[in-house]
Enquirer: 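Pasting a structure below so you can have a look.
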Protein chains: 2
Amino acid sequence: MVDNPSARKLVEVALDEFAARGFHATTTRDVSTKSGLSPAAMYVYYSSKEELLFQIALIGHSAARDRLDDALANVDPSEGSATRLEVILREFIFWHAEHPTLARVCEYELQHLSAEHVAQIEQIRHDIQTTVVGEVQRGVESGEFDVPDVRFATMALTALAIDIVRWYTPGAGITPTELADNLAVLGLKMVAA
Amino acid sequence: MVDNPSARKLVEVALDEFAARGFHATTTRDVSTKSGLSPAAMYVYYSSKEELLFQIALIGHSAARDRLDDALANVDPSEGSATRLEVILREFIFWHAEHPTLARVCEYELQHLSAEHVAQIEQIRHDIQTTVVGEVQRGVESGEFDVPDVRFATMALTALAIDIVRWYTPGAGITPTELADNLAVLGLKMVAA
DNA sequence: GTCTATAGATGGATAGAC
DNA sequence: GTCTATCCATCTATAGAC
């Protein structure tokens, strides 16, 4: 992910701070100090605070996209849409619950990126959405699903996962796996024929 | 809501700014200037920026709670749980879509409140949650609904509404009414027996 | 109740030594 | 590559005149 130890530590600390306090409420001094470095050291690895946020957003979105793609690649293509969508939902929900700070920054702090950086992140988000939309569409065509609008249903499905990051922490009395299993079932009922 | 014209204008401007940029990225100078006042005038009506946020959170949460209660009071108690829950869901979703800036601040900016103010807001949120949980519970008891866990299902239902504020603006190609109607249907399918 | 002026503190980023 | 020192802008909040 990030090979240099200092650069990596800075990202890890910034991730925790951004998730806990928000981008604007986090100071570069705090990130550097909590990383065991001087306030100036951050600028050796990242040109600005915004660049640090961008790297985090890039790491998070790439990881989420790759996990979805990998999960789908490991499902027998002859499986029905319900199975394939369940795999996607579980993976998507699980990712948000397993990496709550990273997911939180990815879902809530993008407004603080520059226009150029936002565009790059939006491209990855578009890819992810296309993947989910494709599976819902397939299920509608096969008759397994019944929804009035595929994109609208996809929005509702992803909302189930995304809203997790507003409140979930690993010590919330339910494991990421349980959360993913139970929520995926509800999501499937939502689109079922 | 707020009777004094200047106090009201300050709240309105602050609401827009907090929703667009976040609490910490919004400056009191900006709020005052955009309200047609000097930077100092804000402190005549609000003791701090945090107090301004608290008043907004109070207005929003009280309004949401009252709308839910009113809507339920106008439903024939002999109606089935599906109808009653549909009314709640539509109202809750509609409120988030109709007041996207207010809802956004209420859902995403509470972390910037003082511990004391958070506690007051959490009380109202608790009341709202109790209302929704109650209707889901009734539907489970009557056999109209079938969910493994009432609180978990309630979390999923409210997530559908809350995640709207992350992306929705009135010019997004769908009206609040349409959004509420279509999303409430999906929510009902999620808990249906 | 609104203003101008400013205190007092903090934060992003840079300069230059080692 | 990391440091100390610091510039300079910005921000919350207050003082005191009108």
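Throughout, protein chains are lettered first and strands after them, A, B, ... in sequence-line order, and every chain is numbered starting at 1.
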Enquirer: For B:Y43 and C:dT4, give me the distance from atom OH to atom P, rounded to whole Å.
Expert: 16 Å
Enquirer: Can you tell me if A:E51 and A:Q55 form a side-chain donor-acceptor pair at under 3.5 Å?
Expert: yes
Enquirer: According to a strict under-4.0 Å criterion, is A:T28 in side-chain N/O contact with OP1 or OP2 of C:dG12?
Expert: yes
Enquirer: Side chains of A:E178 and A:N182: do they bring a donor and an acceptor to under 3.5 Å?
Expert: no
Enquirer: How long is the line joining CG of B:L52 and P of D:dC11, in whole Å?
Expert: 16 Å
Enquirer: Scan A:Y45 against the nucleic acid and name what it touches under 4.0 Å (heavy atoms): base, sugar-phosphate only, or nothing.
Expert: sugar-phosphate
Enquirer: Looking only at heavy atoms, which two atoms of B:G187 and B:L157 are closest? And how far apart?
Expert: O-CD2, 3.4 Å
Enquirer: Which of residues 3-26 of chain B have a heavy atom under 4.0 Å from DNA chain D?
Expert: B:T26
Enquirer: To the nearest Å, how far apart are B:M42 CE and D:dC11 C1'?
Expert: 12 Å
Enquirer: At under 4.0 Å between heavy atoms, what does A:A40 touch on the DNA or RNA strands: base, sugar-phosphate, or nothing?
Expert: base
Enquirer: What is the distance, rounded to the nearest whole Å, between atom CG of B:D30 and atom P of D:dC11?
Expert: 8 Å
Enquirer: Any idea which of D:dT2, C:dC3, C:dG12 is nearest the A:V44 side chain?
Expert: D:dT2
Enquirer: In whole Å, I'd like the distance from the CZ atom of A:R29 to the C1' atom of D:dA9.
Expert: 13 Å
Enquirer: Are more than 12 heavy atoms from other residues, nucleotides or ligands located less than 6.0 Å from atom NE2 of A:H117?
Expert: yes
Enquirer: Over all heavy atoms of both residues, which pair between B:A103 and B:H96 is shortest? Give the atoms and the distance, please.
Expert: CB-CD2, 3.8 Å
Enquirer: At under 4.0 Å between heavy atoms, what does A:S38 touch on the DNA or RNA strands: base, sugar-phosphate, or nothing?
Expert: base
Enquirer: Side-chain contact, heavy-atom cut-off 4.5 Å: A:Y45 with A:V11?
Expert: no
Enquirer: Just the rounded figure in Å: distance from C1' of D:dA13 to OH of B:Y46.
Expert: 17 Å
Enquirer: With a 4.5 Å limit on heavy-atom distance, are the side chains of B:K9 and B:L37 in contact?
Expert: no
